Amino acid sequence: KTKIQMYSPNIIFNALLRTYARRCMENNISFSADAPIPNEIDIPLLSISIIFGNLLENAFEASRKAEKPFIRISAEFDGGKLKAEVRNSMAGSIIWERGIPSSTKKNGGAGIRSAIATLDKHGGMLRMKQEGAVFLSEVIIPCSITAE
């Protein structure tokens, strides 16, 4: 019997993280995640999916090209804010266009623009930077716990 890996008590976070953990395992990418985010935060599930699905997809694509591929995710609910960090390996140097990394895909970049628009809608912020062979995305979204 296989035990279901729990990275987060939040159902959407956990589903996204389990999906990318499996994809990483299939592609020999080291993966770790710690996201003790409660289910009861007042950020819509669709918004969580858009923001973190796009960040994780970008991390996955970048790490596949790295010499020592890895993805590390951490997130927490802290004082009325969801704080999250996605750190991944990468190869080469980022070319920035209007504050966001340019895509190497034809007609690419729609995912990160969608994540930014969703963050803006919720009063959140995204900071991205390259640190040598590591790319870092940091997210902060104001939120609260909903009453059951």
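Note that the coordinates shown come from a computational prediction; the quantities given were computed from them, not determined experimentally.
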Leu126 side chain reached by Met128 side chain, heavy atoms, under 4.5 Å: yes
Counterpart residues, side-chain contact (heavy atoms from CB on, under 4.5 Å), relative to Asn10 (two or more places apart): Ser8, Ile12, Phe13, Ile37, Asn39, Ile41, Ile48
With sequence neighbours left out, the residues meeting side chain to side chain donor-acceptor pair (under 3.5 Å) with Arg72 are Ser30
With heavy-atom distances below 4.5 Å as the criterion, would you say the side chains of Ile145 and Pro38 are in contact? yes
Are Tyr20 and Ile71 packed together at the side-chain level, in the sense that at least one heavy-atom pair is separated by less than 4.5 angstrom? no
For Leu136 versus Glu131, what's the shortest heavy-atom pair and its separation? CD2-OE2, 4.1 Å
May I ask you to say whether Glu26 pairs ionically with Arg23, meaning some side-chain N is under 4.0 Å from a carboxylate O? no
Sequence neighbours excluded, every pair satisfying side-chain hydrogen bond (donor to acceptor under 3.5 Å, both in side chains) that has a member inside residues 115-126: Ser47-His122
Within this structure, what is the CE-CG distance for the pair Met125 and Leu119, rounded to the nearest 0.5 Å? 8.5 Å
Distance (rounded to the nearest 0.5 Å) between Trp96 CH2 and Lys129 NZ: 10.0 Å
Under the 3.5 angstrom rule, does the side chain of Ser63 hit a backbone N or O of Asn88 as a donor-acceptor pair? no
Joint hydrophobic cluster, Ile141 plus Ile11, side-chain heavy atoms closer than 4.5 Å: yes
Using modelled atom types only, decide if a donor and an acceptor are shared between the side chain of Ser114 and the backbone of Ala110 within a distance under 3.5 Å. no
Is there a path of hydrophobic side-chain contacts, each under 4.5 Å between heavy atoms of I/L/V/M/F/W/Y residues, joining Leu56 to Ile100? yes
Kindly write out the residues that satisfy side chain to side chain donor-acceptor pair (under 3.5 Å) with Arg18, not counting sequence neighbours, or none if the list is empty. none
Going from CG on Leu17 to CZ on Arg22, what distance comes out if it is rounded to the nearest 0.5 angstrom? 13.0 Å
For residues 73-84, tabulate all N or O donor-acceptor pairs below 3.5 Å that involve a side-chain atom, not counting sequence neighbours.
| from | atom 1 | to | atom 2 | distance (Å) |
| --- | --- | --- | --- | --- |
| Asp78 | OD2 | Lys83 | NZ | 2.9 |

Check Gly123 against Pro142 and note the closest heavy-atom contact, atom names and distance. O-CD, 3.3 Å
Gln130 side chain to Ile94 main-chain N or O, any donor-acceptor pair under 3.5 Å? yes
Applying the 4.5 Å side-chain criterion to the ILVMFWY set and letting contacts propagate, would Leu45 and Ile51 be lumped into a single cluster? yes
Under the rule for ring-ring contact (aromatic ring centres under 6.0 Å, His included), what residues qualify as partners of Tyr7, not counting sequence neighbours? Phe31
Distance, nearest 0.5 Å, that separates CD1 of Ile112 from OG of Ser137: 6.0 Å
Criterion side-chain hydrogen bond (donor to acceptor under 3.5 Å, both in side chains) on Ser144 and Asp42, from CA distance to verdict: CA-CA 6 Å; Ser144 59; Asp42 63 355; 2.9 Å; yes
I need the minimum non-hydrogen distance between Ala35 and Pro9, along with the two atoms involved. O-CD, 3.7 Å
Any chance you could measure Phe135, atom CZ, to Ser89, atom OG, to the nearest 0.5 Å? 12.5 Å
Could you walk me through whether Val134 and Met90 pass side-chain contact (heavy atoms from CB on, under 4.5 Å), step by step? CA-CA 6 Å; Val134 175; Met90 58 171 288; 5.8 Å; no
